[in-house]
Amino acid sequence: MSENGPVKGLEPDDIIQIKDVTFTYLGEKKPALKNANLTIKQGDFVLILGPSSAGKSSLLNLLNGSVPNIFEGKMDGDVIVDGMNTREHDVSELATSVGLVFQDPESQLVNIFIKDEVYFGPENLLMPIEEIRENALQAMRMVGLDHLMEREVFQLSGGQKQKVALASVLSSRPKVIALDQPTANLDPKSKVEVFQILARLNRELGVTVVVVEHDVDDLAGLINKVVVMQDGAILASGTPREVFGKNFQDFSEELGLWVPQISEVAQKIGHIVKFKELPLVVDEAVEPIRKAIGKAATGGYSRQAGKRADRGTEAGSTPPLVEVHNLTFTYAINGVQALQDVNLKVAPGEFLAIVGRNGSGKSTLAKTLMKINPVDRGKVFIKGKDINDLSLFETSKTIGYVFQNPDHQFVADTVFDEVAYSLRVRGIAEAEVQERVNEVLDLFNLTEYVSLSPFALSMGQRRLLSVATMLVVDQDVIILDEPTIGQDQASSNLLMGYLDRLNRQGKSMIIITHDMRLMSQWVERVVVMSDSHLLFDGQITDVFMDPDLLDKASLLPPPLVVLMQKLRETNPQLPAMVLTMEQFESLLRPESC
Amino acid sequence: MELVFQFRKKDSFIHRLDPVTKTIFLFAMSFLAFGSFKTWPQLVLLVLCLVIAIGLARLSPGEIWRGTKWLGLACIFFFVVQTYMLKVPGQIALFSLGHKVIYLETVDYTTAVSLRIYTIFLVSFIFIRTTHPRDLAVGFVQILNIPYKVPYAFFLALRIIPMIEEEARCINEAHKVRGYGEKTGFKDRLENIKRFTVPLLVRSLRDASITTHSMESRGFGAHPRRNYVEQVRMTTTGKVISAICVLAVIVWYVLIFTGVIPFRYSVQ
């Protein structure tokens with residue numbers, strides 16, 4: 001019950017009520033939220049899903065009054081949180097009701113010492129000193145970092161920083177925690193750890209959790225409510241089974257949202273396996289599938305199951321495009337050794353992923369291949385030439401590098417000039433520039449935006465443009481740093497589809513990623529980094545079958561792989577590894593048996 | 001890799017002193033150094049500072065050398081050039097360099113000025129090496145009752161500057177990959193600056209906006225004052241040292257203004 005007395009229209013356990021809210025940011029014409037209605041009960045664990053620019057962050061900002069108190073604009077309707085109308089209370093007054101955690105921990109941590117960070121909220125709220133100490137310690141215990149209280153923030157890893165950010169909100173004991181893509185930058189294991197903390201908070205302390213995320217697989221078994229948004233409107237809300245069950249095709253294919261992979265499996269094989277209700281996590285799907293396989297399987301399985309189409313890599317037949325011998329690199333600015341004795345070869349036409357925990361040396365390795373970092377010790381050869389004898393500009397003729405944040409790369413005023421710049425700077429004749437730019441823009445469906453500023457495009461389009469600026473030069477190798485981070489399924493698949501096509505035309509692709517589901521769909525060769533060392537270089541199937549390697553590199557196999565492993569426990573005849581939906585479906589077809 | 005000019009955690013008498021006392025000490029030594037153009041008081045101050053640095057702040061001679069060597073060398077250069085170039089004639093000739101007569105008064109003056117610069121730098125070095133920025137900011141709020149938003153502006157600067165540096169580095173790297181900087185004409189350079197500055201500014205403003213949003217959503221600014229778990233207090237020792245520092249400055253300037261101690265050699 002609210003401390004401010006009962007509110008008309010609210011049930012006793014309703015903690016948040018959004019009533020007919022339409023909000024337009026100051027200076028904007030299009031509303032960010034359109035006639036939004038939503039009720040959240042105390043103890044709910046809510047996932048907000050939606051494509052880019054759906055209004056998800058704006059909805060979160062409603063909860064603690066940031067909209068309309070900090071982000072000004074025209075707002076119709078009301079938001080009642082913990083019995084308080086957010087129009088009538090400052091953001092700071094709502095701090096004990098709603099805590100907000102952002103995507104980037106660097107920007108939200110303001111203190112030098114960790115203990116000051118977790119004391120910060122309660123100190124502002126004038127809580128008694130002993131209570132602050134107790135709350136802070138409990139919050140740090142909750143995130144498993146109570147032993148680091150005396151450390152300074154800069155000494156933490158990315159995952160630890162996000163946990164401290166969470167603890168710094170928890171210490172004020174809010175009834176609701178709202179999180180905006182809190183794990184977008186984290187490695188798979190750190191991501192799951194953050195979600196497990198949220199689940200404990202929700203289960204043990206009854207904290208209401210509202211989270212915006214694209215990654216639904218790790219949350220599917222924890223949440224009890226899903227809200228789907230598009231263009232500022234709430235399209236659907238309900239239990240995950242209700243929402244994904246009723247509108248699966250609409251959300252997965254038309255809206256392009258990530259849906260739980262296990263639910264996708266169930267939809268795909270629904271004509272063969274009957275599920276009582278839509279499975280969300282692996283354990284819910286194992287038994288029905290096991291029974292179906294038991295009925296169908298009388299003989300061996302198809303040899304094709306568990307194998308993917310060969311990409312025709314030229315490894316072994318032609319000299320490597322990139323060769324790395326005993327590469328060691330230390331950052332001069334802080335003395336951190338980021339690479340130690342790394343050896344690597346990339347052949348023409350390879351599609352490989354570099355994976356590993358945060359700070360393991362993935363981006364450093366990629367930047368050294370691009371000559372952004374100098375070669376300290378060891379050798380790097382690009383098409384047989386020592387990289388030390390090449391300038392960065394010369395290296396960029398062979399290798400294209402797409403940065404994690406595409407905005408960093410933009411240098412021109414229009415989309416056309418942006419792509420053309422890569423050619424003009426290389427002195428290519430204007431007639432050829434026109435022809436090649438138009439060709440590339442057409443390939444990426446960007447032709448209609450030629451006269452717009454690159455910054456006016458959506459995030460997905462900006463990502464495509466940043467890839468286009470590299471491809472127009474016709475390099476042999478493209479390196480992409482976290483190309484699908486924070487993107488919905490449609491944007492991710494669109495980009496990966498383009499890369500796949502180019503790869504099949506003979507270009508080598510190197511992606512740095514934390515997304516195991518995406519990697520299992522598109523990549524064959526994986527390089528695993530850990531603590532500045534290259535731990536493993538080989539087939540993706542071998543990575544997922546090696547628990548020690550997964551543990552050291554902070555990786556987790558995607559749900560489909562886990563499902564297959566569980567099925568094999570009782571049916572060892574099944575293929576050791578299945579990576580794609582098509583492979584899995586083929587297992588259950590009569591001809592496979 | 002540790003930077004020379006930054007706080008280093010140690011257990012020493014000076015480390016344990018509150019930041020306000022150390023600030024008073026810093027200003028007192030600077031005022032005393034400014035209070036004379038004669039060598040002997042500057043030498044006394046320098047020796048005193050070295051004793052404090054090594055004995056009370058537990059800074060090693062090597063540490064002091066690494067932290068102050070470049071300014072020390074600059075002071076020697078300044079001394080040599082000023083001694084030779086200074087046109088004001090003295091009364092006691094020491095020696096000649098060609099046609100140039102070097103006077104005792106000139107040497108005394110340039111030695112005092114050089115030592116003064118070095119002493120002020122040394123005392124600043126002691127201060128920075130022994131005072132954590134967070135204690136400094138919190139100490140000013142708790143001991144001097146300055147508004148708490150002031151030190152947080154200082155914290156934000158400490159947090160945001162490295163973020164801006166990182167952002168600038170990323171943009172610079174990304175632009176180099178695109179071939180920016182290959183054209184080096186004046187117009188191209190201006191264009192490069194524009195292309196570099198705009199995204200940097202946009203990103204920095206965005207980061208700063210998230211930071212302030214995060215602070216406000218955790219109750220910052222909700223009340224005119226805030227609580228502090230970690231208390232920074234001025235101890236009796238601190239109060240005595242502060243009193244001695246203030247007294248020393250007053251006495252020194254009274255002695256100078258009353259003519260008991262000459263400010264400098266009177267040069268005719």
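Because the structure is a prediction, the values reported are computed rather than measured. Within every chain, numbering begins at 1; the chains are lettered A, B, ... in the order of the sequence lines, protein sequences first and strands thereafter.
- Only the side chain of S396(A) comes within contact range of chain B, with at least one heavy atom under 4.5 Å from a heavy atom of that chain.
- When all heavy atoms of F102(A) and I210(B) are compared, the pair lying nearest together is CG-CG2, 4.1 Å.
- Per-residue counts of heavy-atom pairs under 4.5 Å with chain B were compared for V153(A), I132(A), N111(A); the largest is that of N111(A).
- With a 6.0 Å radius and a threshold of 12 heavy atoms from other residues, nucleotides or ligands, F121(B) has its CZ atom above the threshold.
- With a threshold of 4.5 angstrom between heavy atoms, S466(A) does not approach chain B through any atom at all.
- Ranked by heavy-atom pairs shorter than 4.5 Å toward chain B, the options S107(A), G99(A), G121(A) are led by S107(A).
- Here the closest heavy-atom approach between residue A95(A) and residue G219(B) is recorded as CB-N, 3.9 Å.
- Panel note: side chain N227(B), backbone M127(A); a donor-acceptor pair is recorded below 3.5 Å.
- E117(A) touches chain B through backbone and side chain together, each having a heavy atom under 4.5 Å away.
- The closest donor-acceptor contact from the side chain of H408(A) to the backbone of N172(B) lies at 3.5 Å or more, if one exists at all.
- I399(A) does not touch chain B: none of its heavy atoms, backbone or side chain, sits under 4.5 Å away.
- A side-chain donor-acceptor contact under 3.5 Å links N124(A) to the backbone of R218(B).
- Between E230(B) and Y119(A) there is a side-chain heavy-atom pair separated by less than 4.5 Å.
- For a residue to count as touching a neighbouring chain, one of its non-hydrogen atoms must lie under 4.5 Å from one of that chain's; by this rule N61(A) touches chain B with the side chain only.
- A heavy-atom distance below 4.5 Å is found between the side chains of R225(B) and L126(A).
- With a threshold of 4.5 angstrom between heavy atoms, F403(A) approaches chain B through side-chain atoms but not through N, CA, C or O.
- The most heavy-atom pairs under 4.5 Å with chain B, out of S172(A), P174(A), A412(A), G65(A), come from A412(A).
- Within the 4.5 angstrom heavy-atom criterion, only side-chain atoms of I70(A), from C-beta onward, approach chain B.
- Under the 4.5 Å side-chain criterion, counting only non-hydrogen atoms from C-beta, I372(A) is not in contact with K176(B).
- Donor-acceptor pairing under 3.5 Å is lacking for the side chains of H213(B) and Q108(A).
- By number of non-hydrogen pairs under 4.5 angstrom with chain B, the leading residue of D104(A), N405(A), D90(A), D407(A) is N405(A).
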*When you look at E152(A) and R134(B), which way does the side chain to side chain contact (heavy atoms under 4.5 Å, CB included) test go after all the steps?*
CA-CA 11 Å; E152(A) 293 189 18; R134(B) 173 257 201 188; over 6 Å; no
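- No more than 12 heavy atoms of other residues, nucleotides or ligands sit less than 6.0 Å from atom CZ of F77(B).
- Between chain B and the options D116(A), T395(A), L100(A), T96(A), heavy-atom pairs under 4.5 Å are most frequent for D116(A).
- Annotation for S217(B) and V91(A): closest pair CA-CG1, 3.5 Å, computed over non-hydrogen atoms.
- Less than 6.0 angstrom separates the ring centroid of F220(B) from the ring centroid of F120(A).
- Proximity of a side-chain donor or acceptor of R178(B) to a complementary backbone N or O of E418(A) within less than 3.5 Å is detected.
- Neither the backbone nor the side chain of Y331(A) comes within contact range of chain B; no heavy atoms are under 4.5 Å apart.
- There is no contact between V473(A) and chain B, counting heavy-atom distances below 4.5 Å.
- Side chains of V177(B) and M470(A) form a contact here, defined as non-hydrogen atoms less than 4.5 Å apart.
- Atom CD of E134(A) sits in a sparse spot, with 12 or fewer heavy atoms from other residues, nucleotides or ligands closer than 6.0 Å.
- Of the listed residues (E93(A), Q404(A), K367(A), E130(A)), the one with the most heavy-atom contacts under 4.5 Å to chain B is K367(A).
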